[in-house]
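Right, one structure below, let's go through it.
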Amino acid sequence: MPKDKKTLKVLLVSTEVNPYSKSGGLGDVAGSLPKALRDMGVDMRVVLPKYQTVPQKYMADTKKVADFTVHLSWRAQDAAIYALDAHGDGDSVYFIENDFYFARDNYYGYGDDFERFAFFTKASVEMLSRIGFKADIVHFNDWHTGLGPTYLRDVYKGFTFYADMKSLFTIHNLHYQGVFGREILWAVGLNDGYFTGGDLEFHGNISYLKAGITHADAVSTVSETYAGEIQTPDYGYGMDGLLRRRAGELGQIYGITNGIDIIANDPENDPHIFVPFNADTPEKKLENKRRLQEDLRLPVTNAPIFSMVTRLVEQKGLDVLSIIMEEFLCMDVQLVILGTGESRYENMFRHFAWRFPDKVSANITFSAHLAQQIYAASDVFMMPSVYEPCGLGQLFAMRYGTIPLVRKTGGLADTVQHFNRETKQGNGIVFEHYVASAMMWAIHQANELYHSPDWERLVKNAMLGEYSWHKAAGEYIDMYNKIKVQR
Ligand code: GLC
């Protein structure tokens, strides 16, 4: 794709980018959306921290393109920039190296996270002039990069190079708000006025997420329904008033539903799964089921496999599931779990695997390989989420002919339609209220459908749906273009 002066130039700033780093959906999105945008002619670049866990096979292909010092109040820290030509069409991925901050075992969870990610964010903005990439839009994601719009507006805009740059802040999860004591403002190079003036103040502390929402030139989130929900007290986690105000000032909070990489997630061509299949070869999907049952030491029966591949956190609806576990497991079903998270949930699944060894397989670990096998082999994929900004699991599941059973919220409401046995339309099973009886109802619906002749049709509907980035990437381009000419 030729890149002339008119080409839209965007830098996406994210603390996770698959396949270099990933702990959840943000990594998937930051890995696959830029690829789709490049294919559509956007000069799209991505920047992430150079964690020590980034596989060496990628780092080996990078070259150092800049080296500079970032000032955070009294502290001067070095940033070395490594560029990767990830798609064979010029540099597109940048790693920011600073071993003091990022040569650690995990991405998150350190006492100085406020400083690590302030450094990363500021270095990302500084990098633009160092590598001569004059972005139209700097696209920040989630609280870790929430200070980006503030730095851009108040520290960098004074320089000609940055004068026309706009910022976009995307919320992938409003619940994680980056809340720290007021005293850290000084350490990240901002004065106390950001607290006293209220811009960053949040219940007596400061919030990075609030900074992003307050100072960005535009705010977006990852589905249309969630964009509306977060402006209500039920889903706003204390930010709904601010979001309503910003929606008024900016005209809207954009909501663009995520896609998935349909090349990397293709049941006809996926090295992780046992047997390739498509919508016309359901018997091959069944073969995947048999093989998974064997591997996980579950009896090879016709019982439907219900599965979950998820971080084990409250958001994912595990409380409502815990209430119905006994009743659910008295049915002729199997349950396969993959994920790690809060110990109360990990232990709940371990407990039920011990009590019902021929019904439950609890895999309390992180495995991209097993995840694909589960998407391919199971029958019903459960996401009874309390809230769900977009959700990607239901999209992967449908692509592999596994029927999503979801609560009607956020992106789940936008991507899954309850199967209608009259019209034969719909791609999943949907329940509305976050209560045990509603979820139990949905499980019975799933079980009944599974044993009915309609199942085949439902699986086909799910598999033939359109889950690629194509539509969303077009919407991103429209949004970027609007932001670019704004004010
Ligand atoms: C977060 C949200 C999830 C969303 C993902 C990517 O992980 O919880 O719903 O799909 O971000 O945007």
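Counting starts at 1 for both ligands and their atoms, following the listed order. All residue numbers in this chain count up from 1 along the given sequence.
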Which atoms of ligand 1 have any heavy atom of [X] under 4.0 Å away?
X	result
G391	3 (C), 4 (C), 9 (O), 10 (O)
V222	12 (O)
V29	6 (C), 12 (O)
N173	8 (O)

side-chain contact (heavy atoms from CB on, under 4.5 Å) with A218: which residues, sequence neighbours excluded?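 Only L168, Y254, I483 meet the side-chain contact (heavy atoms from CB on, under 4.5 Å) criterion with A218.
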Would R104 count as a cation-pi partner of Y110, with NZ or CZ less than 6.0 Å from the six-membered ring centre and within 45° of the ring normal?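 Checked: cation-pi criterion met.
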Cation-aromatic face contact R45/F133, 6.0 Å, 45 degrees: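 Yes, a cation-pi geometry.
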Kindly confirm or rule out an N or O of Q315 lying under 3.5 angstrom from an N or O of ligand 1.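 Among all N and O atoms of Q315, at least one is under 3.5 Å from an N or O of ligand 1.
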I want to know if ligand 1 touches G24 in the polar sense, i.e. an N/O pair below 3.5 angstrom.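 No: no nitrogen or oxygen of G24 is under 3.5 Å from one in ligand 1.
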Take F140 and F169 through the ring pair (Phe, Tyr, Trp, His ring centres under 6.0 Å) test and state the conclusion after the steps. CA-CA 5 Å; F140 299 99; F169 184 64; 7.7 Å; no
Quick test of your reading of the model: are K122 and E126 salt-bridged, counting only N-O distances below 4.0 Å?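 No.
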Apply salt bridge (charged side-chain N to carboxylate O under 4.0 Å, His left out) to K35 and list each qualifying residue two or more places apart in sequence or on a separate chain.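 Applying salt bridge (charged side-chain N to carboxylate O under 4.0 Å, His left out) to K35 gives D261.
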In terms of residue, atom name and distance, what is the protein heavy atom nearest to [atom]?
atom	answer
atom 7 (O) of ligand 1	G25 N, 3.7 Å
atom 1 (C) of ligand 1	H172 O, 3.3 Å
atom 3 (C) of ligand 1	E388 OE2, 3.4 Å

Looking only at heavy atoms of G411, does any of them come nearer than 4.0 Å to an atom of ligand 1?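 No, G411 has no heavy atoms under 4.0 Å from ligand 1.
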Which bit of N258 gets closer than 4.0 Å to ligand 1, counting heavy atoms only: side chain, backbone, both or neither?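 Contact part for N258 vs ligand 1: side chain (C-beta onward).
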Would you check if there is a donor-acceptor pair between the side chains of T415 and Q394 at a distance under 3.5 Å?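 Yes, T415 and Q394 have a side-chain donor paired with an acceptor closer than 3.5 Å.
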More than 12 heavy atoms of other groups within 6.0 Å of H470 NE2: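 Incorrect, the count does not exceed 12.
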